[in-house]
*Asks:* 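Take a look at this one; I'll ask things after.
For the numbers below, each heavy atom of this structure counts, side chains included, while hydrogens, waters and symmetry mates do not. First the proteins, then the strands, lettered A, B, ... as listed; each starts at 1.
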Amino acid sequence: MTDSLAAAYDPHQYEDKLYDFWMKHKVFRAERDPSRKPYTILMPPPNVTSQLHMGHGTGYTMQDILIRWKRMSGYNALWLPGTDHAGIATQMMVEKSLAAEGKTRHDLGREAFTKKLVEWKDKYGGMILSQFRSMGFSCDWDRLAYTMDPQLSHAVRKIFVDLFNEGLIYRGERLVNWDPALKTAVSDDELDNQEIQGHLYHLIYPIDGSDETITVATTRPETMFGDTAVAVNPDDERYKHLVGKQVRLPLVDRLIPIVADSYVKSEFGTGAVKITPAHDPNDFELGKRHDLPRIDVMTDAATMNDKVPERFRGMARFVARKEVIRAFRELELLAKEEPYKTTVPISERSKEIIEPRLSLQWYVNMRAMAAPAIEAAKDGRLNFFPDLWKKTYLHWLENIQDWCISRQLWWGHRIPIWYCGKCQGASSGMTDPTVCSHCGSSDLKQDEDVLDTWFSSWLWPISPFGWPEDSADLEYFYPTDVLVTAPEIIFLWVARMVMVGLKTRGEVPFRDVFLTPTVCDKQGRKFSKTLGNGIDPMEVIAKYGTDAVRFTAVQLAPIGGRTRMSAEDFEAGGRFVNKLWNASRFLLGYIKPGQKLAPLNPEAIGLSGMWLLNELAAAADRMEKSLTNYRINDATDHVYHLIWGSFCDWGLETAKSVLMGSDEKAKEQTLSLLVYVLDGILRLANPIMPFVTEEIWQKLPHHPNWDRPVSLAVAKFPQADKLPQFPDAAAKWATVQALIADIRSARSQSGIPPKTVLQAHVRASVELSALFTAASTDICRLASLSEVRANPTMERPGQCLAAVGRGYEAFIPAAGIVDIAKERARLSSEITRINKILGGIEGKLANANFTDRAPPEVLEQTRGQRDNMRFQLDSLKRNLETLT
RNA sequence: GGGCGGAUAGCUCAGCCGGUAGAGCAGUACCCUUACAAGGUACGGGUCGCAGGUUCGAGCCCUGUUCCGCCCACCA
């Protein structure tokens, strides 16, 4: 590190070096330490194969801000990093690369394919972790976990076996959401719905032994081969006489019953529904009620199987659809074909239309586990920020369905179930069984499927800490403090972690759940790969630096809902970082190498100094409140205003007269003040902008009133109640600032060039006059004046600019330089404006309803406003009269 | 079809317990004032989606409504 700061901040010169510095000093490391309170955040594990996007950029930066803030506040802060093997997503990527060579996973076989996946993961996986480094994330890398690590896999096995032994895991034949492209079941939560323009076909089914027919409506005629009934509403007069009769199913010539079920809505379509229990969830349920057979008519690739007439076999389902309709038309059994909008489920991963498919899958019974998770949210052990998401969470848990955990994939934790070839029984256990637990046969074969990825993710709060062992880490770090994640995985992940946490540890895994906003483009569209509308954080980092990206991403993120961003937005962050850099550079320029700073002495720093200290304390207070309530975007605003507004625009500008003057004693005090405040600022800003603040801080001499550890990352976070505060002095200085602003405004509006040196004559009370006189040096400097005079009987000069504020009138002699017409116009418009406001206030005060019913403090405040407005109005009017 | 959220300045968003509408960016004018022109000072800009209601007083509370977004859902 060099001794002085370069003229402009170049983030890339420092960032890597600083990260190495932090790693070297292990500032992110969190070891068990019973003497300190832990503060723990679980990093939502990104997919091994994913790339950093702005969603991570904002969400994870927020976590880093919280962690860094708590770390500086004395907590033993642990941000636990990790990655997720992401079953379907990862397998798909490798299958895609195989497909490019014209191969499928079946050509390789399970073992070779899995090996390839591991290779692929080692090569491309974890790239996102190095990107996290670039983002400056302060996680404890020594604890990096991966959902397929031996320890975590052990935990997966353990929870499976436990639930299996409790009878909460069971195997069932159900309709699953079958993805015919990936050839696997996917969960309800992995679907998208898409509205498509389809057709509603009216098919005529002849009644057996009669000339009558019954017409059914369907959007998926190809499933008619699997029809095992026709259903009507029991109260439907049109069909009452047909219930119990049989339909001769066209094309297949099979007899199926007509049944009555209240599920059928008479007013929809024809009021008669074909029932295909093997291909439709409703029909499945209805079939169960009426004990209907289930005929699966498709293969795992959604082509027609051998249960259909020869001529349709092997056809893809949508080809078959056309052919079935053609056949019905030829038989004159197609009553109608109408355009129809319908929504179809699409697989999130493959984008293929889901085919409901009958299959044997493993399920977890969720009801029992849901109850405690509901209770925890209701009784306040679990809190949501913003709170509205609690409803979403509760609604899902209260209507929870059993969880299908088997996936027909090869990448993931293989289901620890062995089937007996003899008795067909299923066995499980912590070690691979050698004999069937039911009949003792050794003819065992392991289930081919793997577990849903979320079946390992839901253990994230416990497995990296050593569960199922009752480890010291688990004891110390569990429960964690807050989970920060995206709202779309409340069901998939958050709720399940709560359930398993309560089940295994009896405590919620985290007290708070903070849901981050969805990051969208300027048109409000979610970032997506297909649209290509995303912002690559690495690109904007290259352009503006990490601190700028972190600052802007968080500043733009509202508390709930969504945020709209464009790459250009980050420029503002870059400017802000540079501003801080330059301000620091300026200040450091006044400090000689090895110079010792004087302790802070409030007696010697004047009103402006006390005001500045007050600003620091106020900002610290606001920061603390904002961060505590996860109002992280507010925290960025506080830092921004403290640095730009308070420190640069006022603090440094005021200090310049001392710094550039010759009073060495005063200079010493001012430097002490400014370094003290800058040190405090760097601390407050460090969680948001860790790099630039650390770099500056390392150059900053040690101030005796602050602690000085090796890194800013572990320096004390300023606490408002422990900082010097001077509310009275600050209020006085605020009045001086108002006077300065008034003078600047009058000058600017009158078009008097900044170079023209002016004087100010101020008429004000004795106290205010004393204040202005004492501050005259500062006022002169900041308002470009040569002289300020103030007393209660100050006379109005003949030709002058005038400004009026609360309790004072400022006159600026301007004979010969002021454009009288312009100034009169300015005063007139000001009079009009004040008159309008005054009119409103007076009207209010004349209203008996208001004066009778408004609370006294409001009344008093309103009267004060009126008096002030009257004072200003009088002054303005007199000025207008005098100005000729 | 249900549930939830949003609509405030050109843009992105604040706005507490109802008490004269705010910030940043963008814009305009004037300034290269010795940290920073990625800067300074000043200024302009809003019927708070629409319509009612409650209230002395509504961006805020109530009712209805429109538009956007998200989530859930089995209407063939």
*Asks:* Whole angstrom is fine here: how far is it from CG in D280(A) over to C1' in A73(B)?
*Replies:* 14 Å

*Asks:* Closer than 4.0 angstrom, basic N to acidic O: yes or no for E830(A) and R833(A)?
*Replies:* yes

*Asks:* For the side-chain hydrogen bond (donor to acceptor under 3.5 Å, both in side chains) test, which of R317(A), K274(A), H279(A), R321(A) pairs with T223(A)?
*Replies:* K274(A)

*Asks:* Would you say C36(B) has OP1 or OP2 under 4.0 Å from some side-chain N or O of K656(A)?
*Replies:* no

*Asks:* Classify C648(A) by what it touches in the nucleic acid, base, sugar-phosphate, or nothing, heavy-atom distance under 4.0 Å.
*Replies:* base

*Asks:* Go through C71(B), G19(B), A35(B) for me and flag the one nearest to the F491(A) side chain.
*Replies:* C71(B)

*Asks:* Between E653(A) and P753(A), which is nearer to the 5' end of RNA chain B once each is assigned its nearest nucleotide?
*Replies:* P753(A)

*Asks:* Under 4.0 Å, heavy atoms only, any strand: does M869(A) hit a base, just the sugar-phosphate, or nothing?
*Replies:* base

*Asks:* May I ask you to say what N633(A) touches in the nucleic acid, namely base, sugar-phosphate or nothing, with a heavy-atom cut-off under 4.0 Å?
*Replies:* nothing

*Asks:* For F850(A), does the six-membered ring have the charged nitrogen or CZ of K844(A) within the cation-pi criterion, i.e. under 6.0 angstrom from the centroid and within 45° of the normal?
*Replies:* yes

*Asks:* Would you indicate which nucleotide in U20(B), C72(B), A76(B) comes nearest to any side-chain atom of Q865(A)?
*Replies:* U20(B)

*Asks:* Expressed as a whole number of angstroms, how long is the span from R781(A):CZ to G40(B):C1'?
*Replies:* 12 Å

*Asks:* So which nucleotide does G10(B) pair with, by the Watson-Crick or G-U wobble rule with both distances under 3.5 Å?
*Replies:* C25(B)

*Asks:* Choose from A35(B), C71(B), U41(B) the nucleotide whose nearest atom is closest to any side-chain atom of T392(A).
*Replies:* C71(B)

*Asks:* Can you find an N or O donor on one side and an acceptor on the other, under 3.5 Å apart, linking the side chain of Q749(A) with the base of A29(B)?
*Replies:* no

*Asks:* Please confirm whether the shortest side-chain N or O distance from Y9(A) to OP1 or OP2 of C36(B) is below 4.0 Å.
*Replies:* no

*Asks:* Looking only at side-chain N and O atoms, does T563(A) come under 4.0 Å of OP1 or OP2 in U12(B)?
*Replies:* no

*Asks:* Quick check for you: among A38(B), G5(B), A42(B), whose closest atom lies nearest to any side-chain atom of S748(A)?
*Replies:* A42(B)

*Asks:* Compare side-chain N and O positions of R575(A) against OP1 and OP2 of A26(B) and report whether any pair is under 4.0 Å apart.
*Replies:* yes

*Asks:* Is the shortest side-chain N/O distance from W644(A) to OP1 or OP2 of G40(B) below 4.0 Å?
*Replies:* yes

*Asks:* Quick one: sort the F576(A) and Y640(A) rings into parallel, tilted or perpendicular, breaks at 30° and 60°.
*Replies:* tilted

*Asks:* State which of A14(B), A35(B), C13(B) makes the closest approach to the side chain of R631(A).
*Replies:* A14(B)

*Asks:* Could you walk me through whether D621(A) and K625(A) satisfy the salt bridge (Lys or Arg N to Asp or Glu O under 4.0 Å) test, starting with their C-alpha distance in whole Å, then the side-chain angles of each, then the deciding distance to 0.1 Å, before giving a yes or no?
*Replies:* CA-CA 6 Å; D621(A) 184 48; K625(A) 288 197 173 92; 2.9 Å; yes

*Asks:* May I ask you to say what Y340(A) touches in the nucleic acid, namely base, sugar-phosphate or nothing, with a heavy-atom cut-off under 4.0 Å?
*Replies:* sugar-phosphate

*Asks:* Do the side-chain N or O atoms of R747(A) get closer than 4.0 angstrom to the phosphate oxygens (OP1, OP2) of C31(B)?
*Replies:* no

*Asks:* Under 4.0 Å: is that the gap between some side-chain N or O of Y640(A) and OP1 or OP2 of C25(B)?
*Replies:* yes

*Asks:* Under 4.0 Å between a side-chain N or O of K579(A) and OP1 or OP2 of G24(B)?
*Replies:* no

*Asks:* If you measure from the C1' atom in U8(B) to the same atom in G59(B), how many Å do you get, rounded?
*Replies:* 7 Å

*Asks:* If you look at every strand shown and take non-hydrogen atoms under 4.0 Å, does A217(A) touch a base, only sugar-phosphate, or nothing?
*Replies:* base

*Asks:* Hey, does D637(A) reach any base, or is it just sugar-phosphate, or nothing, if we go heavy atoms under 4.0 Å?
*Replies:* nothing

*Asks:* What I want to check is whether the side chains of R575(A) and N578(A) have a donor and an acceptor closer together than 3.5 Å.
*Replies:* no

